[in-house]
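What you see below is based on every heavy atom in this structure, not just the backbone, and it leaves out hydrogens, waters and symmetry mates. On a predicted model such as this, the values are computed, not experimentally measured, just so you know.
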Amino acid sequence: MICDNCSTFEAIEDQGRTVHMKPARQELVRLLAQNGYTVQEHNESCAVNYKERSDLISIMECLQSLPRNLCDELSFCVTGGEAPKTRHIWTPMQRFELQMEHYDMVNVILHKEFTSYMQPIVDPSEHIVAYEFLLRPLKGGIPFKPHELFETARKTGLQVFLDQAARTSAIETSAQWLPKGVKRFVNFLPSSIYDAQMCLNHTFHTIERLGLDPGDFVFEVVETEKVDDVGHLQSIFEAYRSHGISVAMDDVGAGYSTLEQMIKLKPDYVKIDRSLIDGCDQNPTQQRQLVTITHMAHEFGAMVLAEGIERREEFHFCREIGIELSQGYLFGKPSQRPPCGPEPQLI
């Protein structure tokens, strides 16, 4: 079974040269004909052929004179000339216009013009025991900042597509570079997962297809502070765990709500927000917070990871209070491949 919200999108140019519109109100058909377009009418939709993206923009500009209530009803689908099928996505007019407005970033998403970089995670002895996978632009491709790309995806209705594609990229990159037994931390957005089992099937199948061990993966929830439905997040955690995959919470300590959620969700790994790590060796308030979070996490059996470590003094303090894992520029920046040197340790 496939979740409707996880269906495949394709770039407009790749799909072809026919834009379909529904519902096919008479006002819509009449307006298109008056502007010189040859309209093909179907049962509930109508279609217009076009040659270039600029032609499609002209069609959209033409439709601006429609009454607002009709514009609110309209949805669009682009194909190679054939009638829309189940796999094709119908997009509301406002969202379709946004996809045209953010054309370059939308094409980065739809063409999957990105890759996964790896940042090392170390144990108290500074042995690399895991990597976090981070989305980055292709070399020579269109540059972007990951948070801006995800924001464009959210605006244009492509967040589910991008989140799934980013997870797949991380899994495939890990298969290329890492030996069995090395943990792979992969981010996911809870807001992109509507039904945990259905939406995550593609992720589980990718791990299986590549012959990887689910136990090597840790899926970490980002934007935890924006999650209002803890029950939904719990169902996502349960779906991962039912397949032998560990889960992590990111940015813990960024706000009181993350501590509440941590206690309710009891993740396998707790990643402490970098704002508490920065200068922690010199700040008694931060130190008390770090000790509290570490103690709380250890009470339900989680391992704790300190993010954003850039100074050795920060690392030493975190190690002294029992934090097991560390990540930051002190140990290595994100890169396309693991650093040369000794084989990573297994945890």
Side-chain angles (χ1 to χ4, degrees), residues 1-111 148-165 189 191-195 198-199 226 228-229:
M1 184 177 292
I2 298 174
C3 173
D4 289 339
N5 293 294
C6 304
S7 301
T8 302
F9 287 83
E10 296 178 59
I12 288 171
E13 279 71 10
D14 289 346
Q15 287 180 298
R17 303 290 182 253
T18 301
V19 57
H20 302 262
M21 294 158 270
K22 71 175 183 181
R25 305 292 188 202
Q26 284 305 307
E27 296 96 326
L28 169 64
V29 175
R30 189 181 308 117
L31 178 63
L32 290 167
Q34 287 173 351
N35 281 269
Y37 296 105
T38 301
V39 184
Q40 308 159 34
E41 294 189 62
H42 305 290
N43 290 334
E44 297 181 355
S45 65
C46 62
V48 172
N49 295 328
Y50 68 94
K51 294 181 180 179
E52 306 290 342
R53 184 168 67 97
S54 59
D55 299 332
L56 183 54
I57 292 173
S58 297
I59 293 171
M60 300 304 297
E61 290 173 347
C62 160
L63 299 183
Q64 295 302 317
S65 60
L66 284 171
R68 188 69 260 169
N69 64 313
L70 293 184
C71 290
D72 291 341
E73 289 182 339
L74 274 180
S75 292
F76 295 78
C77 176
V78 179
T79 73
E82 74 277 15
K85 296 179 174 59
T86 304
R87 70 178 178 84
H88 290 113
I89 302 300
W90 286 92
T91 306
M93 182 171 180
Q94 184 178 17
R95 191 167 280 177
F96 193 77
E97 290 175 323
L98 282 168
Q99 290 182 8
M100 301 300 296
E101 179 183 344
H102 299 281
Y103 178 75
D104 285 342
M105 286 296 96
V106 166
N107 263 5
V108 167
I109 296 168
L110 296 178
H111 287 296
E148 292 175 349
L149 191 68
F150 272 96
E151 178 60 18
T152 298
R154 185 191 64 77
K155 289 179 181 177
T156 56
L158 298 174
Q159 181 173 291
V160 172
F161 179 87
L162 176 59
D163 192 45
Q164 183 184 89
L189 287 170
S191 56
S192 73
I193 298 172
Y194 297 86
D195 180 284
M198 283 197 297
C199 292
K226 296 181 182 179
D228 296 320
D229 188 349

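Residues forming a side-chain hydrogen bond (donor to acceptor under 3.5 Å, both in side chains) with His102 (at least two apart in sequence, or on another chain): none. Partners of Lys51 by side chain to side chain contact (heavy atoms under 4.5 Å, CB included), not counting sequence neighbours, listed by chain and number: Asp55. In this structure, the side chain to side chain contact (heavy atoms under 4.5 Å, CB included) partners of Glu148, at least two apart in sequence or on a different chain, are Lys145. Every residue meeting the salt bridge (charged side-chain N to carboxylate O under 4.0 Å, His left out) condition with Glu151, not counting sequence neighbours, appears here in chain and number order: Arg154.
Separating the CH2 atom in Trp90 from the NZ atom in Lys22 is a distance of 5.0 Å, to the nearest 0.5 Å. Considering OG1 of Thr91 and CG of Leu158, their distance stands at 8.0 Å, rounded to 0.5 Å. Atoms CD and CG, from Gln99 and Asn107 in turn, are 10.0 Å apart once rounded to the nearest 0.5 Å. Between atom NZ of residue Lys155 and atom CE of residue Met105 there is a gap of 12.5 Å, rounded to the nearest 0.5 Å. The CG atom of Leu189 sits 8.0 Å away from atom CG of Leu162, with the distance rounded to the nearest 0.5 Å. How far OG1 of Thr79 is from NE2 of His20: 3.0 Å, rounded to the nearest 0.5 Å.
Side-chain contact check for Val48 versus Met21: some heavy-atom pair is nearer than 4.5 Å. With contacts defined as side-chain heavy-atom distances shorter than 4.5 Å, the pair Phe161/Thr156 does not qualify. At least one side-chain heavy atom of Gln64 sits less than 4.5 Å from a side-chain heavy atom of Met93.
Across all non-hydrogen atoms, the minimal contact from Gln159 to Ser192 is NE2-N, 3.8 Å. For the residue pair His88 and Lys85, the shortest heavy atom distance occurs at ND1-N, 2.8 Å. Shortest non-hydrogen contact noted between Cys46 and Leu32 is SG-CD1, 4.3 Å. The shortest non-hydrogen separation linking Val78 to Tyr50 is CG1-OH, 3.4 Å. Annotation for Val39 and Ala33: closest pair CG2-N, 4.1 Å, computed over non-hydrogen atoms.
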Using residues 67-77 as the side-chain source, report each donor-acceptor pair under 3.5 Å to any protein atom, sequence neighbours left out, with the distance given to one decimal.
{"residue": "Arg68", "atom": "NE", "partner": "Asp72", "partner atom": "OD1", "Å": "3.4"}
{"residue": "Glu73", "atom": "OE1", "partner": "Arg25", "partner atom": "NE", "Å": "3.1"}
{"residue": "Glu73", "atom": "OE1", "partner": "Arg25", "partner atom": "NH2", "Å": "3.3"}
{"residue": "Glu73", "atom": "OE2", "partner": "Arg25", "partner atom": "NH2", "Å": "3.3"}

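Applying the side chain to side chain donor-acceptor pair (under 3.5 Å) definition to pairs two or more places apart or across chains, those involving residues 33-49 are Thr18-Asn49, Gln40-Asn49.
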